[in-house]
Q: 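Please see the structure below; I have some questions.
Worth saying up front: this structure is predicted, and the values here are computed from it rather than measured. Below, all heavy atoms of this structure are taken into account, side chains as well, without hydrogens, waters or symmetry copies.
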Amino acid sequence: MTSIDLPKGKNIYFTSDHHFGAPNSSASKLREKQFVEWLDHVKNDAAVIFILGDLFDFWFEYKHVIPKGFTRVLGKLAELTDHGIEIHFFVGNHDLWMNGYFEDELNIKVYHKPEQFQLNETLFFIGHGDGLGPHDKGYKRLKKVFVNPLFQWLYRWLHPDIGVRFAQYLSLKNKLISGDDDVKFLGERKEWLVQYAQKKLEEKHFDYFVFGHRHLPLNIKLNPRSTYINLGDWIAHFTYGVFDGEELSLKKLELK
C-alpha cells in the first residue's frame, strides 16, 4: 500500500476517460484544450493527480515511436510533474500498451492493475475498472490477448502508420473495446463494479473505491463507512473527483 500525506490547504484530484483522439482530431482538440485549462486551474492547490485510464482513445508504444498528437496534454503533464505535482496513471482498456514513455519522459508513475492507497488516514482502492467484477466476460477474454507479450511483439512489427490507424478503427467501431454498451446505469445492485467493491469489502475495509471506465458519474454508499465513486468522463459529463484530506466529492467542469 502506498501512503500519501496531504499538506494542509492542498487537494488530490481524480480524473478519467478523456478518450483524446476520438471521434476525430478536430473534435478531440477542443476537449484537450479544456483539459489543459483544467490542469492549469487545479495546479494551484493540487498535491497529487490521479488519472484513471483511457486518457487516449488509442495508445501504443513502439520502441522508438508513440502516436502522433496530444502535444498540449503531454506538455502540460510534464510541466506539472516538473513543478513537483505527483501524478499517478492507471492504464485503461484504450491505453493498455504503455511501456515506459510516461515514466521516462513525464515522470508519471504508471499502474497496470488496481492499487491500494492511504491518503492521510483514508483508505482508497483505485483502478480503471475494466475487467473487474462479474461483467465484461467478452472483454476479459480479449484483454488476455491484448496484454500477451507475444501479441504485443507481433503488433510492433506492423508499420506505425498501419498499426495506429488499424487500432483507431477498432477502437471506434468495436463496442467490446470502446465500451459503448456500458454507459447505461444498471441500478445500484446490478452495477458490476459495485458488486466487485462489495466483494473486496469482505476481505478488507476501504473508505473509497474509485474507478473510471463506466463513463457515468456515480456516488454510491456500499455501507455506512464505504463509498463507491465512478468519475464519469470528459466526453458527455466532464466530471472529476476532489479529495480534501477528509472527503472525496464529485465535481463538474464549468464549460465556457
Side-chain angles (χ1 to χ4, degrees), residues 1-4 6 11-18 48-55 88-96 109-144 147 176 179-234 236-237 239-252:
M1 179 183 294
T2 301
S3 296
I4 298 175
L6 183 61
N11 291 319
I12 296 176
Y13 289 89
F14 298 81
T15 182
S16 180
D17 291 273
H18 307 78
V48 183
I49 297 174
F50 285 88
I51 302 174
L52 269 56
D54 286 358
L55 181 64
H88 299 264
F89 188 96
F90 287 78
V91 302
N93 48 304
H94 284 254
D95 38 33
L96 281 169
K109 175 70 174 177
V110 174
Y111 304 86
H112 292 266
K113 60 181 182 179
E115 295 288 346
Q116 303 174 24
F117 287 82
Q118 180 173 323
L119 308 181
N120 284 2
E121 301 302 318
T122 306
L123 298 179
F124 283 74
F125 190 88
I126 301 171
H128 178 62
D130 62 311
L132 302 180
H135 192 57
D136 265 8
K137 291 183 179 179
Y139 170 70
K140 286 176 183 177
R141 292 190 292 268
L142 192 61
K143 185 176 180 178
K144 288 181 180 180
V147 300
L176 192 60
D180 287 350
D181 287 340
D182 292 333
V183 296
K184 295 180 180 179
F185 182 56
L186 304 175
E188 291 188 10
R189 294 185 178 182
K190 293 183 179 180
E191 281 288 324
W192 39 272
L193 283 173
V194 169
Q195 295 173 12
Y196 175 82
Q198 289 172 330
K199 190 70 174 178
K200 294 294 291 185
L201 285 173
E202 296 176 7
E203 306 169 6
K204 180 179 179 179
H205 166 73
F206 291 96
D207 296 289
Y208 290 101
F209 292 84
V210 188
F211 297 111
H213 188 55
R214 291 289 285 112
H215 288 237
L216 294 171
L218 300 172
N219 186 329
I220 297 173
K221 293 294 291 185
L222 302 172
N223 63 41
R225 298 175 57 211
S226 300
T227 302
Y228 161 76
I229 297 285
N230 196 280
L231 297 172
D233 65 18
W234 281 63
H237 300 287
T239 45
Y240 59 93
V242 185
F243 179 66
D244 62 6
E246 296 182 0
E247 184 179 0
L248 175 62
S249 56
L250 279 175
K251 305 288 186 180
K252 184 175 179 65

Q: Looking only at heavy atoms, what is the nearest atom pair of Trp234 and His18, with distance?
A: CG-CD2, 3.4 Å

Q: Are the side chain of Asp207 and the backbone of Ser226 linked by a donor-acceptor contact shorter than 3.5 Å?
A: no

Q: In a check of ring-ring contact (aromatic ring centres under 6.0 Å, His included) between Phe90 and each of Tyr111, Phe14, Phe124, which one passes?
A: Tyr111

Q: Is there a side-chain contact between Leu231 and Leu250 in this structure, where contact means two heavy atoms from C-beta onward sitting under 4.5 Å apart?
A: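 Contact flag for Leu231/Leu250 side chains = yes.
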
Q: Aromatic contact between Phe209 and Tyr196, with the criterion being ring centroids under 6.0 Å apart: yes or no?
A: no

Q: Please answer whether the main-chain N or O of Asp54 pairs with a side-chain N or O of Asp17 as donor and acceptor at a distance below 3.5 Å.
A: no

Q: If I compare all heavy atoms of Val110 with all of His112, which pair ends up nearest, and what's the gap?
A: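 The answer is CG1-NE2, 3.9 Å.
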
Q: Any idea which heavy atoms bring Lys252 and Tyr240 closest together, and the distance?
A: C-CE2, 4.1 Å

Q: For the NZ atom of Lys221 and the OG1 atom of Thr227, what is their distance to the nearest 0.5 Å?
A: 3.5 Å

Q: Please answer whether the main-chain N or O of Leu55 pairs with a side-chain N or O of Asp95 as donor and acceptor at a distance below 3.5 Å.
A: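 Yes; judged by distance alone, with no hydrogens or angles, the pair exists.
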
Q: Would you say that Leu201 contacts Leu222 through its side chain, given a criterion of any heavy-atom pair below 4.5 Å between the two side chains?
A: yes

Q: Drop me the distance from Asn223's CG to His205's NE2, to the nearest 0.5 angstrom.
A: 7.5 Å

Q: Between Leu218 and Glu191, does the side-chain contact (heavy atoms from CB on, under 4.5 Å) criterion hold? Intermediate values first, please.
A: CA-CA 10 Å; Leu218 300 172; Glu191 281 288 324; 4.0 Å; yes

Q: Calculate, to the nearest 0.5 Å, the distance between atoms CD1 and CG belonging to Ile229 and Leu193 respectively.
A: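 Result: 12.5 Å between the selected atoms.
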
Q: If you round to the nearest 0.5 Å, how far is CG of Asn230 from CD1 of Ile220?
A: 8.5 Å

Q: Looking at Gly212 and Ser16, what are the two nearest heavy atoms and their distance?
A: CA-OG, 3.4 Å

Q: Between Leu6, Asn11, Ile12, Asn120, which is the residue that forms a side-chain contact (heavy atoms from CB on, under 4.5 Å) with Asp244?
A: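 Going through Leu6, Asn11, Ile12, Asn120 one by one, the side-chain contact (heavy atoms from CB on, under 4.5 Å) with Asp244 is satisfied by Asn11 alone.
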
Q: Step by step, would you call Gln116 with Lys204 a side-chain contact (heavy atoms from CB on, under 4.5 Å)?
A: CA-CA 11 Å; Gln116 303 174 24; Lys204 180 179 179 179; 2.7 Å; yes

Q: For the pair Phe50 and Phe117, name the ring-plane relationship: parallel under 30°, tilted 30 to 60°, perpendicular over 60°.
A: perpendicular

Q: Assign the ring pair Phe125 / Phe211 to parallel, tilted or perpendicular, where the plane angle (0 to 90°) is split at 30° and 60°.
A: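 Perpendicular, since the angle between the ring planes exceeds 60°.
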
Q: For Tyr228 and Glu188: C-alpha separation, side-chain torsions, deciding distance, then whether side-chain contact (heavy atoms from CB on, under 4.5 Å) applies.
A: CA-CA 10 Å; Tyr228 161 76; Glu188 291 188 10; over 6 Å; no

Q: Any donor-acceptor pair under 3.5 Å linking the side chain of His128 with the backbone of Leu52?
A: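 Flag set: sc His128 to bb Leu52 pair under 3.5 Å.
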
Q: Compare all side-chain heavy atoms of Ile4 with those of His88 and state whether any distance is below 4.5 angstrom.
A: yes

Q: Please walk me through it: do Tyr208 and Glu247 pass side-chain contact (heavy atoms from CB on, under 4.5 Å)?
A: CA-CA 9 Å; Tyr208 290 101; Glu247 184 179 0; 3.7 Å; yes

Q: To the nearest 0.5 Å, what is the distance between CZ on Phe243 and OG1 on Thr122?
A: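 So the CZ of Phe243 and the OG1 of Thr122 are separated by 3.5 Å.
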
